[in-house]
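What follows is a set of notes on a single structure, which appears directly below.
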Amino acid sequence: MRPENYQAVPLGDSNEYEIFIGPNHPGIEGNYALKLILDGDTVVKGTTDAGYLHRGFEKLMEGRLWIQNLAIVPRICVPDPAPMEVSYSLAVEEIMGIDAPIRAQWIRVLQLELSRIAAHLFTFGGHAATTGMYTPMYWGVADRDLVLDLFEDFTGGRVYSIYNIPGGVRRELPEGFLEKLSHLLDYLESRQNDYDNLLFTNQIFVQRAKGVGVLSKEDALEYGVTGPNLRACGLAFDVRRDDPYLIYDQLEFDIPTQQKGDAWSRILVRRDELFQSIHILRQVIAKLPSIKGPIRTAIPNPLSWNVPAGEAYARVESSKGELAYYVVSDGGDKPYRVHVRGPSSMHAVQTLEFLAKGARIEDVAQIMFSLDACPPEVDR
Amino acid sequence: MKKIDYRDKGSILNPLKNLQFFARKPITEKLEPRPASASYRGFHINDMDLCIGCSSCQKICDNAAITMVEVPSIKEDAAKGIRNLRPAIDYGRCCWCALCVDICPTSAIEMTREYVHTCDGDDTDSYFVFPSENGIHDLKFAKGWTKTEDSDLLDRIRRPMGEMKPEARINNFDEVVDGFTMEMAVEEASRCVDCGLCEDACPAHMHAPNYIRSIYEGNLEQAVEWMYETNPFSHVCGRVCTHICEDACSLGRVDENGVKNSQPIAIRWLKRFAMDNVSKATIKHIAQKGKTHIKSGKSVAVIGAGPAGLTAAFDLAKKGHRVTVYEALPKAGGMTRYGIPNYRLPEDRLDQDIEVITSVGVKINYNVRVGTDISMQQIHQENDAVILAIGLHNGRSTRISGSDNKAVVKAVDLLRMIPQGDKFIAPKSAVVIGGGNVAMDIARSMARLQMKQHNKVNVVVSALEALGNSFLADDEEVSESLEEGITILDSRGPKQCVISKGRLTGLETVNVLSIFDNKGRFSPKYDNSDLQYHPAEMVIEAIGQSADITLLGKDLIEELDWDRGRIKINDNGSTSVEWLWSAGDMVKGPDVINAVADGHRVANDIDSYLTR
Amino acid sequence: MSLESLNEILNKINTIKITHKHKRRIRVDVKADSLTTLLELIKGQASFLHLSAITCVDWIEDNQFELVYHVWSYEENCLISAHTRIDRDDAKFVTVYDLYKPADFFERDIYEMYGVFFIGSPRMEKFILTEWFGMPPMRKDFDSEAYVQETFNWTEYNPDWLQELSDQGGGIAIKPEDIRLSGTLHNKATHREREKAKKEHVVGKGWKS
């Protein structure tokens, strides 16, 4: 809803009052709003107000050639665009009955894990900022920029890589890229102490985050929560391991979990995951040079490329959780239907409303950010 | 990695440890334009000379950011496939995906490593950019995202056309090529980027992009409909067209930086495929489309039932005029029947084209030689307009010494005899003078006859031109001839036919130093010291043809304006005599598709003349 | 759980059609009236606890909406996609909210985007398109491109280089909106088409001028 169209609801004689936060709340990635009914500082009821980022991507994709959609999909989640590209490509490949060459699959993993690192760094900063700490945000964004430098190096774009294509990836890694990546990983590991000091062992932050937005495992399952948020409730589920795609089944990595399901658990899971991603990337660096071969399976001329009729549900693990593309082809040169199942669509609406209830107003932003909710995944 | 337990409380002092940062040297980034990484998708540059204006970039652009702009200072050349359209980019819409770079058939459009463009206030015009080689701000940034073999999006390689093995085809006149299967045709058609350069290049402007698209969609009938809009000789052109379209095809470009091997769409073979796979009845039905049922009451005579004459007759008949065609030979088709051997164009295909043409109401009088059986005056009196389209049926002679011997013959005369079923005994050895497609036709026909009759091929082709780029015959003709055991001697000029006791024994040739003089005129220079002798029972001259204009009669020849031995015509094919038009090879030089185009042109002009 | 016992559970629905796409993907097609029963069965007896998504596909030519329920089992590591079709003119269906809470989000989304009403769903109300009163826009008969053309203007540009080219007799030849038409390729670059276009508008002018 446009803010100018918002009208406060008079709440009669009770002590309750309604406030509207958003759509440019600093603690929220992208534009999103909440209507809160408060009793004192306590939230009685929270209602999400989505739609500020609705660009009709699913509809747009129905009107564009299969290849043209590559430029749209990463835009659905700005902080973590790579899984979008990969998921779309995987779905199209499944319908076409082709596989990307092995080397391309390794490169895709490299891109996905780098993207995950970038997204988590962003989230650390954002989460800290919702508790009033801005330095982690500057750090997080600055270090993410170093990751973006690498994206620029091998994909040609800093944020929107547009690097995947059904059948593989668009170009070979540049020379010396793996060394650069290795240096970056060393650097990120060297920063661990700084981040721990500033954030993860900072008593102020720990106390602010502990016990906030508690989600039990049962509730999490009921509300369709996935990804780090689910793992923070004690369920070790990860699409990469349990519904493996690409070459994830050839990689060795742990699935970090926590038990309490609160904001503190969630950010701890993300912290550990970031280092798991570094661990995965080290394996990619070791293995990739020995994997020779093409990086693309040929697809027809994109201007007359009909994907055979069929449908596919391609799931990947994004930094936010289970991301899936359901793609339907009627045999034409454009998708008949693309449905984007963004993980945040589960986290940012029902789960957030559920957790907001009974929370204190100063924690609402933190709850939202601790869920790592990405509003464009809701709006699409 | 250090573990942090959920229960860890942390310390209020920990963040203070980061005060050490005050003791570190600050990192300073200079605020100046810095080049991005080597494959960055920055702003566009476009090499104006490489760009051909095909507009593929505009089609692939997912944000409709590209406008094609006409640049009058760029010279268009339809035959080479160059348009004066160039892309302009709206950076208010561009998303820097670089699909335009990856699809560009000529690797003309690329991106730089430049990051920033901004403007003051409302000056949004600066967002609409016409990229040149210098980049958006003339700052000469290095190239960023350019096309690589990996990132190229086009399907560059032709689906191979199967053909008979040389040993299987050498003793017969069966068609050499197999033709596409449906699957191959659809795949081949899918390679098309729909730029339309082929249509512009084609003399008849056949709607090739449209029929390729129809074939891709599996709708062969619609493909044939598109063909009949411009060409009633689609069977013939599907086999023996000189395919100027394929030379103009945007996929036929090779560039040393990006894609090294790229082959044009096999437009001719696709046409052949569609025509072969639609029934004659359906084609007849398609040919009827657009035919008026109103009789104009005017009548037109066409002299010569070749592609030009019959195309004109086809058009005029559909427009309601009464059309009579006079043909001196027993069958129609002109040079396509009496010049092109069956292994390239089977007669039944030609018969079908002609049957379709006659089915719209064209009447052909066979075995009527104008000038002998009926006079020009009589035809003029009986008709409102006359089209002269008699082709080039007189072979030219080299006029070298000995060429008047009866064993020295013209290629056209020989070729005419073969399909007429004349009992013809092939010489055991023959030398062909000439390097064009006619020379190859007669050489290959002769080779077949020799194999049939003597079980041994002995044909030598002596051509002025050097093999390679300047050679006149098509590459595939040359390679297939060589496969069939024909010897091609390039850069050889004929010196004399050696006659001994009135009998031809062979041909002497000399090495060619140059073919044209410094003004570009045909004036071959020979090195007489490099003499070779080729024994042969027959020497065949295939160096060109001329029209036999005696049928016109003395008065008409005098009345007409002439242009270097050819009848002078204006752009519409009309001669200086009001009721007479001329079309086809005799005025435009030998080529089927040009003849078809000429036929349309003349028919249009006559129609407006008759209905004015 | 073995594949056999899963098949056994699925086959309790009479009219079911089961397609094993690969190890972890099963497609089932059921009649609309047995969909809820199916979901109850696989949730209750086969641990398919996680509703991953509900997708609606508008098969306008069949005059049907297809609803696809993607359900995942954390124990079996398997995804069942249950497909069913409903009448497009009478676009109503029962909610599965009682079984799967996330259905609230998906059903509300489908209601708003396709106009399928889910009986019993807790929030059949506006969600993302709070200020939209037209046809549900994801329906195939809503032409978003036409809507955009009607509603918004193309930016008008008239930079110096374009003015120069216009003065020389050139200028804009093919506008992007002429060729794109939702990705349908229409050749506008041949001489034939350009001559036609020249008759229709004066080359060298700006956009909608």
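Reminder, nothing fancy here: chain letters follow the sequence lines and each chain counts from 1. What you are looking at is a predicted structure, and each value in this text was computed from that prediction instead of being measured.
When every heavy atom of S151(B) is checked against every heavy atom of R171(A), the shortest pair comes out as OG-NH2, 4.5 Å. The heavy-atom pair separating Y6(B) from S265(A) by the smallest distance is CE1-OG, 3.2 Å. Nearest heavy-atom pair, I67(A) versus I60(B), reported as atom, atom and distance to 0.1 Å: CG2-CD1, 3.7 Å. Here the closest non-hydrogen pair linking I162(A) and C95(B) is CD1-O, 4.4 Å. Here the closest non-hydrogen pair linking Q68(A) and K59(B) is NE2-O, 3.2 Å. Residues R7(B) and K210(A) come closest through the heavy atom pair O-NZ, 3.4 Å.
Both the backbone and the side chain of L198(A) have a heavy atom closer than 4.5 Å to some heavy atom of chain B.
A distance of 7.5 Å separates CG of D102(B) from CD1 of I165(A), quoted to the nearest 0.5 Å. R41(B) CZ to E152(A) CD: the interatomic distance, rounded to the nearest 0.5 Å, is 10.0 Å. Considering SG of C97(B) and OH of Y160(A), their distance stands at 13.5 Å, rounded to 0.5 Å.
The backbone N or O of D150(B) sits less than 3.5 Å from a side-chain atom of R296(A), completing a donor-acceptor pair. A donor-acceptor contact shorter than 3.5 Å is absent between the side chain of N197(A) and the backbone of P15(B). W96(B) places no side-chain N or O within donor-acceptor distance of the main-chain N or O of G157(A), the cut-off being under 3.5 Å. Between the side chain of Q203(A) and the backbone N or O of I12(B), at least one donor-acceptor pair lies under 3.5 Å. Checking side-chain atoms of S304(A) against main-chain N and O of S190(B) turns up a donor-acceptor pair under 3.5 Å. Between the side chain of N301(A) and the main chain of C192(B), a donor-acceptor pair closer than 3.5 Å is present. Judged purely by atom type and a 3.5 angstrom limit, S39(B) uses its side chain to pair as donor or acceptor with the backbone of D153(A).
Comparing R75(A), R158(A), R170(A) by heavy-atom pairs within less than 4.5 Å of chain B, the highest count is held by R170(A). The most heavy-atom pairs under 4.5 Å with chain A, out of L153(B), L16(B), L154(B), D155(B), come from L153(B). Interface summary for chain B: among G168(A), S161(A), A298(A), P300(A), the most heavy-atom pairs under 4.5 angstrom belong to S161(A).
Considering only heavy atoms from C-beta on, N69(A) stays 4.5 Å or farther from D62(B) through its side chain. Looking at heavy atoms from C-beta onward, P302(A) lies in side-chain contact with I103(B) at the 4.5 angstrom threshold. Between R271(A) and I4(B) the shortest side-chain heavy-atom distance falls below 4.5 Å.
Within a 6.0 Å radius of CD in Q20(B), other residues, nucleotides and ligands contribute more than 12 heavy atoms. Counting heavy atoms of neighbouring residues, nucleotides and ligands inside a 6.0 Å radius, atom NZ of K59(A) exceeds 12 of them.
Checked for salt-bridge contact, K17(B) and D194(A) miss the test: no charged N lies under 4.0 Å from a carboxylate O.
No donor-acceptor contact under 3.5 angstrom links the side chains of Y195(A) and N18(B), judged on distance only.
Aromatic ring centres of Y216(B) and W305(A): separated by at least 6.0 Å.
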